[in-house]
Amino acid sequence: MYLFRDRRIIGSLLITLTLALVMFLTAGPERDPISIERFWVEFTAPVAEMMTDVADRADGAVAYILRYPTLLHENRELTRRIAELEAAENERALLEQENHQLQNLLGLVERIEVEGIPARVIGREPGSWNRELVINRGRDQGIRTDQVVVAPGGLVGRIRSVTTRTAKVMLLTSPESGIGVQVAANREPGVAEGQLLEPNQLRTTLFHPQAVVANGDVMVTSEIGERFPAGIPVGKVSAVDTDEWGLLKEVWVEPLVDLNRLSNVLVLEVSGTGRIQWWETVRDFPIRPEQEGSS
Amino acid sequence: MKLPNPLSWSASVGALFFAWLLQFTVIPRWFLTPGRPDLVFLVIAIVILLNRKGWGPYLFAATGGLMVDLITFRFLGLNVLLMLLVAVVLLRVLQAFTRVSLALAVILTTSCSLMIEVVRGLMALIGGISVGGISGFGAIVLTTTLYNGVMMTILFFIALHLLPNKLVLMIQK
């Protein structure tokens with residue numbers, strides 16, 4: 001009996017030590033998934049995709065029922081807004097043309113080429129201690145680590161790890177994420193960081209305490225930092241504050257993309273340098289890539 | 001050594017896989033608070049509370065932990081270890097009781113939930129994740145524990161009173 005008890009204790013210790021060793025060896029956040037992890041995520045991806053589809057439809061049906069009374073009013077408002085935006089777009093095209101001509105004259109031409117791979121969100125980080133997504137495109141479709149992930153509204157995050165047919169995306173709101181940003185209107189630079197407790201807010205530190213920024217200002221990615229090309233919309237300022245020493249300006253930014261309800265994303269392949277022409281990049285963004293047979 | 005009955009094992013693993021699937025796809029979309037319920041843990045706890053015999057509960061707990069570990073790509077083995085610990089704690093405490101009431105199930109599960117979330121939070125800190133200080137850490141741990149307590153009350157009530165007896169007996173085999 002005592003021997004049996006001893007065996008159980010020895011067995012428990014061996015299991016604990018083995019698991020502790022495996023944990024130690026697989027602790028790195030930026031490591032590639034090992035074969036058993038790759039197998040599991042790819043084996044379960046089709047079922048997870050089906051489940052996500054069901055959840056999407058359920059969400060859509062609930063939203064439709066809840067929002068039906070306001071749809072007519074919203075439709076009128078959107079029609080008016082489209083007319084405004086078309087006028088603004090014409091003006092922007094003229095200014096852009098003028099800008100290109102002036103840059104050509106000064107020899108300041110930057111070349112940036114962007115291609116997008118559409119992907120579908122099939123799952124999310126199951127625990128409470130991080131914010132990540134899994135998409136249904138991987139190495140076979142040309143996805144690589146550190147590629148930028150966007151949705152029609154703006155930045156989503158970056159690719160953290162890749163398997164043959166899936167990839168993991170670190171969201172911009174992840175507590176591990178830090179992004180170089182700037183105020184779109186006046187290019188005041190700063191760094192936006194994700195918060196675990198505030199999943200829908202980015203804490204942004206602007207480098208200049210006198211920086212001019214107000215609620216509603218749009219933040220875009222900046223030239224600072226190498227991970228993201230400049231010009232991708234990140235979020236809108238929701239609150240402005242100065243840090244306790246008065247040295248830096250702290251700004252709370254609400255992401256433009258609803259990361260909790262996200263279904264489809266675009267993984268960008270960027271080459272060259274310069275600012276992204278955002279509207280050109282997402283203009284042809286497919287609503288449901290899987291229905292168009294893209295792979 | 002008593003090995004689990006294949007039929008009961010398949011039914012339990014099926015339930016576990018479904019819980020994992022919900023945890024991976026639906027729960028993060030619908031629970032936008034800092035903490036969220038842990039369905040995999042709850043299914044493991046319910047099956048252990050209903051079936052305390054042999055090696056089955058340990059094997060089941062390790063399987064559930066592995067399912068979670070394989071999707072997080074970080075600290076592989078952490079959840080296996082935590083779920084095994086939950087199985088050990090639950091089975092030890094249950095030795096003192098002949099039958100499991102709803103209140104006992106909820107108290108035990110809530111305590112275990114608190115324990116595993118604290119460990120997960122500490123491991124997140126070790127992994128370099130900023131959890132927002134003590135208040136952030138506490139908020140996430142307490143919210144998750146609260147959700148798990150409430151969900152356990154509902155799920156265990158269903159398991160005890162609303163599931164067909166044959167199904168419960170199958171799990172208990």
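Naming: A, B, ... by sequence-line order, numbering from 1 per chain. Bear in mind that the values here come from a model prediction, so they are computed numbers and not experimental data.
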Exercise for the section: Report the C-alpha distance between Arg29(B) and Asp258(A) in whole Å, list the side-chain angles of each, state the deciding distance to 0.1 Å, and finish with yes or no for salt bridge (Lys or Arg N to Asp or Glu O under 4.0 Å). Expected result: CA-CA 11 Å; Arg29(B) 294 164 62 120; Asp258(A) 183 357; over 6 Å; no

Practice task
Step by step, work out the side chain to side chain contact (heavy atoms under 4.5 Å, CB included) result for Leu66(B) and Trp40(A).
Solution key: CA-CA 10 Å; Leu66(B) 188 63; Trp40(A) 179 251; over 6 Å; no

Practice task
Apply side chain to side chain donor-acceptor pair (under 3.5 Å) to the pair Asn260(A) and Trp30(B), showing each step before the final yes or no.
Solution key: CA-CA 8 Å; Asn260(A) 301 308; Trp30(B) 290 351; over 6 Å; no

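Within the 4.5 angstrom heavy-atom criterion, no atom of Val121(A) approaches chain B. For chain B, the nearby part of Ile34(A) is the side chain; its heavy atoms alone come within less than 4.5 Å. In this structure, chain B has a heavy atom under 4.5 Å from the side chain of Asp59(A), while its backbone stays farther away.
Across every non-hydrogen atom of Trp129(A) and Glu117(B), the tightest pair is NE1-OE1, 2.9 Å. Annotation for Gly77(B) and Leu19(A): closest pair CA-CD2, 4.0 Å, computed over non-hydrogen atoms. Residues Arg36(B) and Arg131(A) come closest through the heavy atom pair NH2-NH1, 2.9 Å. In this structure, Val41(A) and Ile71(B) approach most closely via the heavy-atom pair CG2-CD1, 3.5 Å.
Although no hydrogens or angles enter the test, the distance criterion places a donor-acceptor pair under 3.5 Å between the side chain of Thr26(A) and the main chain of Leu76(B).
One finds no salt bridge joining Arg120(B) and Glu125(A) here, because no Lys/Arg side-chain nitrogen approaches an Asp/Glu carboxylate oxygen to under 4.0 Å.
Most heavy-atom pairs under 4.5 Å with chain A: of the set Leu78(B), Val26(B), Leu84(B), Leu85(B), this distinction falls to Leu78(B).
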Please list every donor-acceptor pair under 3.5 Å in which a side-chain atom of residues 121-135 of chain B meets a protein atom from a residue at least two apart or in another chain.
none

For residues 14-23 of chain B, tabulate all N or O donor-acceptor pairs below 3.5 Å that involve a side-chain atom, not counting sequence neighbours.
residue: Trp20(B); atom: NE1; partner: Met67(B); partner atom: O; Å: 3.0
residue: Gln23(B); atom: OE1; partner: Leu39(B); partner atom: N; Å: 2.7
residue: Gln23(B); atom: NE2; partner: Pro126(A); partner atom: O; Å: 2.9
residue: Gln23(B); atom: NE2; partner: Pro37(B); partner atom: O; Å: 3.0

